[in-house]
Amino acid sequence: MMVKLRLENRMVVVIGASDEAVQRANSFANQGARVLLVGTPAGGWASLISVQDDSSMSCRYAKRPSRKDLKRAALVVATDRDDVINTWLSDKAKRYRFLLNTLDVPEYCDYYHVAIRRPHLDIEIGVSTDGHSPAFASSLATRLAKTVTDDDCHTYEVLKQIRQQLRQQGQSPSSLDWVQLELETRQSRLRETRQAQL
C-alpha cells in the first residue's frame, strides 16, 4: 500500500556523506520537513552544501546521529550502505519508533522511496519496486506521467469541484457513482470540443 506522508515540521534524519545524501535531504526539506544531515564528507559539509541560517536543514559532522536525534525523528534515511550503521539503526528504530529506510538493503527498511512525477498540481503518479530497481521505477513513472492528457486534467478539475460542493452541502461523496460521472464528464468535454471545431 502506498501512502503519502505529511512531513511539514517533522524531523527527518539523513545519514551519509555523498551527493545522494544531500539530494535526499533537499527533497525532504522541500516537503517542509526539518532535516538533520549527518555524515563525515572528506571536505566537510561546505564542500557539498550551503546551508542558510533560516534553512530547515542543518548539518552535523559525525559518523552517526545521537540517540536524542533519533528519539525526535519521524523518518531516518541511511544512504552510505554501511551494514554496521544499518544494523544499529534497525535496532534503534524498534526502540524509538521512527520509520527507517536503508538504501538497497530492503531487509532493514520500514518503507521504500517511491518515484513520483506530478503531471498536474494535484495529481501525483508514484511507482515503487520495493527497493529492487529504483532506476526502473523512475523511468516508468516518467513515461506514465507523459500519458496524462489535458482531458484527464480537465476531468479531474470537474470531479474535484463536484466533491467540494457535496462536502459543503453536508453530503457524502460516496453517494455518487464516480466512474459513471467521470465517463459523463469526458463525453461532455468531447462534445464541446467537436462543436467548437464545427
Side-chain angles (χ1 to χ4, degrees), residues 1-118 121-142:
M1 175 186 296
M2 289 189 186
V3 297
K4 182 177 178 182
L5 299 177
R6 296 183 63 180
L7 296 175
E8 294 90 345
N9 297 314
R10 302 192 73 184
M11 180 75 168
V12 176
V13 177
V14 179
I15 303 158
S18 65
D19 288 337
E20 186 169 23
V22 173
Q23 290 169 4
R24 301 275 177 171
N26 280 327
S27 177
F28 286 121
N30 289 337
Q31 295 176 58
R34 293 178 294 112
V35 181
L36 173 62
L37 185 54
V38 178
T40 55
W45 282 118
S47 65
L48 290 176
I49 190 170
S50 175
V51 179
Q52 305 299 322
D53 292 339
D54 59 347
S55 173
S56 59
M57 190 183 337
S58 59
C59 300
R60 182 178 305 146
Y61 192 87
K63 180 71 174 172
R64 61 176 65 175
S66 68
R67 288 178 174 82
K68 182 179 179 182
D69 296 328
L70 298 178
K71 286 179 181 178
R72 296 164 45 212
L75 297 179
V76 175
V77 181
T79 67
D80 281 348
R81 300 163 179 85
D82 182 322
D83 195 55
V84 173
I85 293 291
N86 290 345
T87 302
W88 179 77
L89 286 170
S90 180
D91 176 65
K92 295 298 178 281
K94 296 179 183 71
R95 182 176 304 177
Y96 300 137
R97 299 178 183 238
F98 56 80
L99 296 177
L100 175 64
N101 179 270
T102 54
L103 301 187
D104 298 329
V105 192
E107 59 266 29
Y108 291 125
C109 293
D110 295 313
Y111 72 98
Y112 304 103
H113 293 280
V114 176
I116 299 290
R117 300 295 180 271
R118 192 188 293 267
L121 183 63
D122 293 338
I123 300 174
E124 290 184 342
I125 294 176
V127 176
S128 172
T129 58
D130 288 348
H132 297 297
S133 184
F136 174 77
S138 178
S139 173
L140 181 57
T142 298

- Note on the structure: side-chain hydrogen bond (donor to acceptor under 3.5 Å, both in side chains) filter on Thr87, not counting sequence neighbours, yields Tyr108
- Message: As a quick check of understanding, evaluate side-chain contact (heavy atoms from CB on, under 4.5 Å) for His113 and Leu103, giving each step before the final call.
- Response: CA-CA 9 Å; His113 293 280; Leu103 301 187; 4.2 Å; yes
- CH2 of Trp88 to CG of Asp83, rounded to nearest 0.5 Å, is 14.5 Å
- Taken to the nearest 0.5 Å, the spacing of Arg95 CZ from Leu70 CG works out to 10.5 Å
Shortest non-hydrogen contact from [X] toward [Y]:
X	Y	value
Tyr112	Ser128	CB-OG, 4.3 Å
Ser56	Ala29	OG-CB, 3.6 Å
Ile116	Gly126	CD1-CA, 3.8 Å
Val13	Ala73	CG2-CB, 3.9 Å
Ala78	Asn86	CB-OD1, 3.5 Å

State, with a plain yes or no, whether a side-chain heavy atom of [X] is found less than 4.5 Å away from one of [Y].
X	Y	value
Ser90	Leu100	yes
Val77	Ile15	no
Val14	Leu36	no
Arg64	Val38	no
Leu89	Val76	yes
Thr79	Ser18	yes

- Arg67 and Lys92: CA distance, side-chain angles, deciding distance, side-chain contact (heavy atoms from CB on, under 4.5 Å) verdict: CA-CA 8 Å; Arg67 288 178 174 82; Lys92 295 298 178 281; 3.6 Å; yes
- Query: For the side chain of Asp80 and the backbone of Asp82, is there at least one donor-acceptor N/O pair under 3.5 Å apart?
  - Reply: no
- Side-chain donor/acceptor of Ser138 to backbone N/O of Pro134, under 3.5 Å: no
Among all residues two or more places apart in sequence or in another chain, which pass the side-chain contact (heavy atoms from CB on, under 4.5 Å) test with [X]?
X	result
Asn9	none
Thr40	Tyr61
Leu99	Leu5, Leu75, Asp110, Tyr111
Arg72	Met11, Arg34, Lys68, Asp69

- Message: Taking CZ in Arg117 as the centre, count heavy atoms belonging to other residues, nucleotides or ligands within less than 6.0 Å. Is the count above 12?
- Response: yes
- Query: Got more than 12 heavy atoms from elsewhere within 6.0 Å of CZ, Arg81?
  - Reply: yes
- Would you please test Arg60 and Ser66 for side-chain contact (heavy atoms from CB on, under 4.5 Å) and show each step? CA-CA 10 Å; Arg60 182 178 305 146; Ser66 68; 4.1 Å; yes
- Message: Quick test of your reading: applying salt bridge (Lys or Arg N to Asp or Glu O under 4.0 Å), list the pairs with at least one residue in residues 124-140, sequence neighbours left out, ordered by first then second residue.
- Response: Lys4-Glu124, Arg118-Glu124
